[in-house]
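See below for the structure under consideration.
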2 protein chains.
Amino acid sequence: MKPKLTLKNIAKELDVSISTVSKALRDSPEIGEETRAKIKAFAKHYNYKPNNIALSLKNRKTKTIGIIIPEIVHHFFTTVISGVEKVANEMGYNVLVCLSDNSFDKEVLNMEMLANGSTDGFILSLAKETMQKGDYHHLVEVINQGMPVVLFDRVVEDISCDKVIIDDVSGARKAVQHLIDTGCKRIGLLTTVDYVSVGKLRTHGYKQALADNNYPINEDLILKIEEMEDSELQIKEFLEEQNVDGIFAVNEHFAISAVKTVQDQGKKVPDDVSVIGFTDGELSRLFIPSLTTVSQHGTRIGEESARLLIEKLERTPSPDDYYKTILVETELVVRNSTKSKI
Amino acid sequence: MKPKLTLKNIAKELDVSISTVSKALRDSPEIGEETRAKIKAFAKHYNYKPNNIALSLKNRKTKTIGIIIPEIVHHFFTTVISGVEKVANEMGYNVLVCLSDNSFDKEVLNMEMLANGSTDGFILSLAKETMQKGDYHHLVEVINQGMPVVLFDRVVEDISCDKVIIDDVSGARKAVQHLIDTGCKRIGLLTTVDYVSVGKLRTHGYKQALADNNYPINEDLILKIEEMEDSELQIKEFLEEQNVDGIFAVNEHFAISAVKTVQDQGKKVPDDVSVIGFTDGELSRLFIPSLTTVSQHGTRIGEESARLLIEKLERTPSPDDYYKTILVETELVVRNSTKSKI
DNA sequence: ATGAAAGCGCTAACAG
DNA sequence: CTGTTAGCGCTTTCAT
């Protein structure tokens with residue numbers, strides 16, 4: 001077990017001063033041709049690599065970006081991470097991943113932890129509990145300290161920072177419009193409770209689409225689901241009571257549950273009932289029937305977030321800086337769970 | 001934008017020396033009751049948190065562990081990460097995630113990057129390309145420098161380090177035995193090329209199960225798939241040529257493709273052909289028919305890996321230290337893609 | 001009981 | 001051209 005090579009070692013070995021070594025390695029013109037060559041050869045031979053921690057301390061920047069998400073066992077977040085990782089890597093940054101488990105306390109803890117020098121900035125999607133509480137002091141604090149923050153997907157108006165969101169409203173609208181265009185008359189909505197911003201927005205899009213087409217908005221056709229755990233049961237009960245011929249679900253799971261329930265009722269998807277989900281994952285693609293969905297482009301969201309953050313990080317802040325909100329387009333991917341009934 | 005509070009600031013503010021502040025905050029008995037109280041009150045009020053980077057430099061440990069995986073958009077790896085994160089968090093560690101994209105070069109780069117002070121140790125699953133090349137110099141180097149490494153899932157004999165694996169052989173055996181027990185006679189295997197260790201081991205288990213039951217081993221019934229991209233096509237061709245009544249697939253995707261192909265051929269799963277997959281994900285659970293699979297307990301793997309690593313990290317190495325290999329049990333989850341034909 | 005000083009590994013302003 | 005020095009934020013030994 002050989003100890004790590006440091007400038008100090010090299011200096012002693014070559015009988016020069018530490019700063020000479022440092023300068024030589026950074027190709028400073030101050031250093032004589034000969035010494036420089038000697039030092040560089042030595043360093044190369046013994047594979048010298050500067051210590052990141054020391055650099056971080058000196059430069060007051062870590063070249064790592066922290067990403068905090070509610071859960072990782074979730075296709076959407078996973079694609080976002082891979083997008084972030086991709087551009088971060090290209091720009092010489094590392095990615096520190098923390099999970100909030102949708103818990104406010106864990107989110108706060110994680111942020112405090114990372115804010116003390118571990119990262120240069122944050123990319124995050126808020127925990128469900130955080131949105132419910134409406135307590136964003138941890139974000140405000142970090143931002144006040146001058147660390148850039150990019151919020152994605154589950155964002156919130158009140159915070160001044162860069163944001164990357166998808167056009168939830170228009171995505172939902174497109175989906176419902178498609179149902180209407182293919183002849184659905186009674187369109188049910190499977191959504192989440194309102195404090196989850198995306199649920200709220202998609203609900204909004206649903207209503208807009210109905211209004212656009214002079215369809216009545218019937219609250220009985222809207223199911224707001226609080227807990228993932230018993231969503232299946234709730235959907236079942238809902239679909240037994242309400243007779244629908246089209247369903248728009250705000251996520252993959254609700255959509256799958258809906259398809260199963262409909263099939264259990266002896267009806268056919270898409271012949272009797274059309275179903276559209278949100279969030280395009282493997283599940284939607286490989287399910288039978290494959291699901292028509294609103295695709296979210298998670299990778300794009302991750303890439304844009306990382307770009308936004310790194311841009312802030314590498315530019316000296318100017319007074320006329322402003323916060324951007326990037327809208328990543330959604331796309332309706334038509335598959336086999338919808339079909340024209342006209 | 002207020003600057004971060006440092007010991008220095010506090011010292012100046014309170015008109016004491018830096019070391020007094022440091023000691024007071026760490027409850028050193030050297031410091032007088034009164035001063036200590038004053039300093040702690042001040043620190044608390046202004047929410048002082050020590051700078052992680054400075055601590056890392058001083059202590060020569062970062063309290064973060066690096067995890068390098070081939071891909072993140074993959075349910076299994078995702079569960080492993082969440083396991084790692086869970087115990088890491090409990091023990092006060094952060095998790096730095098890097099992706100190798102199954103590329104040897106990226107894996108090497110990532111390791112070199114993180115090895116220079118960014119992490120205290122590594123948890124990793126080798127890139128496909130790395131296994132193919134059989135070049136592990138980057139691992140050896142890191143280990144020689146005294147950084148603990150834990151390999152999981154895609155491991156390799158030649159490296160001396162802790163390992164966490166599943167009993168791939170016995171998992172495969174259980175699966176094939178189940179097919180045999182339920183009356184399958186011609187059992188096909190959908191596997192990967194041999195240099196992917198898990199593919200090889202599962203193939204081994206398949207053969208063992210057949211041998212155990214005095215079934216002939218027919219190489220024609222084994223399909224080794226190189227690229228994920230055209231796996232669907234290869235499986236289709238394979239199943240058209242070979243008439244099987246049972247299929248064991250070494251991952252979820254192959255299993256799903258098999259089910260679809262079988263159904264396209266006008267046959268029924270599980271009535272005509274039984275199918276078992278490996279890796280228990282949502283896909284298997286929610287698919288129709290739901291798939292019988294060998295469950296891998298990714299979270300457990302992640303937890304064990306993290307525990308192993310942190311143990312090494314927090315113990316002063318003793319001469320009689322040895323490397324452990326932890327075997328995480330697999331479990332056959334019987335669902336609706338298999339059915340007794342007897 | 002308090003403080004000065006050294007050192008973790010590196011860079012950069014400043015001397016020589 | 002090369003070296004000395006100070007400093008990033010913190011801990012810790014050693015003086016006082």
Side-chain angles (χ1 to χ4, degrees), chain A residues 2-40 42-43 46-64 113-120 145-146, chain B residues 2-40 42-43 46-64 113-120 145-146:
Chain A
K2 53 177 183 202
K4 260 268 157 190
L5 200 54
T6 68
L7 289 188
K8 205 190 197 175
N9 298 333
I10 302 184
K12 193 160 51 178
E13 209 66 43
L14 264 41
D15 211 44
V16 289
S17 82
I18 296 181
S19 61
T20 302
V21 179
S22 171
K23 286 173 191 160
L25 293 179
R26 331 197 101 249
D27 274 323
S28 158
E30 285 186 62
I31 304 300
E33 187 55 48
E34 204 178 338
T35 352
R36 199 195 327 175
K38 185 178 61 177
I39 292 172
K40 293 190 84 167
F42 186 93
Y46 290 103
N47 192 30
Y48 169 79
K49 292 271 166 38
N51 179 312
N52 294 149
I53 294 295
L55 286 178
S56 297
L57 186 58
K58 173 110 268 255
N59 304 330
R60 274 98 156 296
K61 54 173 74 168
T62 61
K63 285 284 196 173
T64 103
M113 174 104 254
L114 300 193
N116 294 306
S118 302
T119 34
D120 295 339
Q145 275 173 194
Chain B
K2 56 178 180 200
K4 260 267 158 189
L5 200 54
T6 67
L7 289 188
K8 205 189 197 174
N9 297 334
I10 302 185
K12 193 161 48 178
E13 209 66 42
L14 261 42
D15 210 45
V16 289
S17 82
I18 295 180
S19 56
T20 302
V21 178
S22 171
K23 286 172 191 163
L25 292 179
R26 332 199 100 246
D27 274 321
S28 159
E30 285 186 69
I31 304 300
E33 188 55 49
E34 203 179 338
T35 351
R36 198 190 331 171
K38 184 179 64 178
I39 292 173
K40 292 189 82 165
F42 185 93
Y46 289 104
N47 192 29
Y48 169 78
K49 292 272 168 34
N51 180 310
N52 294 149
I53 295 294
L55 286 179
S56 298
L57 186 57
K58 175 109 267 254
N59 305 329
R60 275 100 154 298
K61 54 174 74 167
T62 60
K63 284 284 196 171
T64 103
M113 176 103 254
L114 300 193
N116 295 306
S118 302
T119 34
D120 295 339
Q145 275 173 191

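Nothing here was measured: the structure is a model prediction, and the numbers come from that model.
A donor-acceptor pair is defined here as one N or O able to donate and one able to accept, closer than 3.5 Å; such a pair exists between the side chain of Thr119(B) and the backbone of Leu114(B). When atom types are taken as modelled, the side chain of Thr64(B) and the backbone of Ser118(B) share a donor-acceptor pair closer than 3.5 angstrom. One N or O on the side chain of Asp120(A) and one on the backbone of Lys63(A) form a donor-acceptor pair closer than 3.5 Å. No side-chain donor-acceptor contact under 3.5 Å links Asn59(B) to the backbone of Lys61(B). Side-chain N or O atoms of Ser56(A) include one that pairs as donor or acceptor with a backbone N or O of Asn52(A) at under 3.5 Å.
Nucleotides of DNA chain C nearest to Ala54(A) and Arg36(B) differ in position, and the one nearer the 5' end is that of Arg36(B). Comparing Thr6(A) and Glu33(B) along DNA chain C, the residue whose closest nucleotide (by nearest heavy atom) sits nearer the 5' end is Glu33(B).
Look at CG on Asn51(A): it is 13 Å from C1' on dT11(C), rounded to the nearest Å. What separates CD1 of Ile10(B) from C1' of dG3(C) is a distance of 17 Å, to the nearest Å. Put simply, CG on Asn9(B) is 13 Å from C1' on dC8(D), counting in whole angstrom units. One can place CD1 of Ile53(A) at 11 Å from C1' of dG9(C), the figure rounded to the nearest angstrom. Atom CG of Leu57(A) is separated from atom P of dG7(D) by 14 Å (rounded to the nearest Å). Atom CG of Leu14(B) and atom P of dA1(C) are 18 Å apart (whole Å). Across the protein-nucleic acid pair, Asn52(A) atom CG and dG9(C) atom P stand 13 Å apart, rounded to whole Å. The distance from atom NZ of Lys38(A) to atom C1' of dC1(D) is 13 Å, rounded to the nearest whole Å.
Phosphate proximity of dG9(C) to Arg60(B): present, with a side-chain N or O under 4.0 Å from OP1 or OP2. Checking the phosphate oxygens (OP1, OP2) of dT2(C), a side-chain nitrogen or oxygen of Thr35(B) falls inside 4.0 Å. Proximity of Lys8(A) to the phosphate of dC8(C): a side-chain N or O atom is located under 4.0 Å from OP1 or OP2.
Summarising the local packing, NZ of Lys49(B) is surrounded by more than 12 heavy atoms from other residues, nucleotides or ligands at distances under 6.0 Å.
In this structure, a donor-acceptor pair under 3.5 Å is present between the side chains of Lys4(A) and Asn116(B). Ser17(B) and Thr20(B) share a side-chain donor-acceptor pair at under 3.5 Å.
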Which atoms of nucleotides 11-14 of chain D (N or O only) lie under 3.5 Å from a protein N or O atom, and what are those distances?
{"unit_1": "dT11(D)", "atom_1": "OP1", "unit_2": "Arg26(B)", "atom_2": "NE", "d": "3.0"}
{"unit_1": "dT11(D)", "atom_1": "OP1", "unit_2": "Arg26(B)", "atom_2": "NH2", "d": "3.2"}
{"unit_1": "dT11(D)", "atom_1": "OP2", "unit_2": "Ser22(B)", "atom_2": "OG", "d": "3.0"}
{"unit_1": "dT11(D)", "atom_1": "O2", "unit_2": "Lys58(B)", "atom_2": "NZ", "d": "3.1"}
{"unit_1": "dT13(D)", "atom_1": "O4", "unit_2": "Lys23(B)", "atom_2": "NZ", "d": "3.3"}

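Using a 4.5 Å cut-off on side-chain heavy atoms (C-beta onward), Leu5(B) and Ile10(B) make contact.
The terminal axes of the helix from dA1(C)-dT16(D) to dG16(C)-dC1(D), fitted over 5 pairs per end, subtend an angle of 70° to the nearest 10°.
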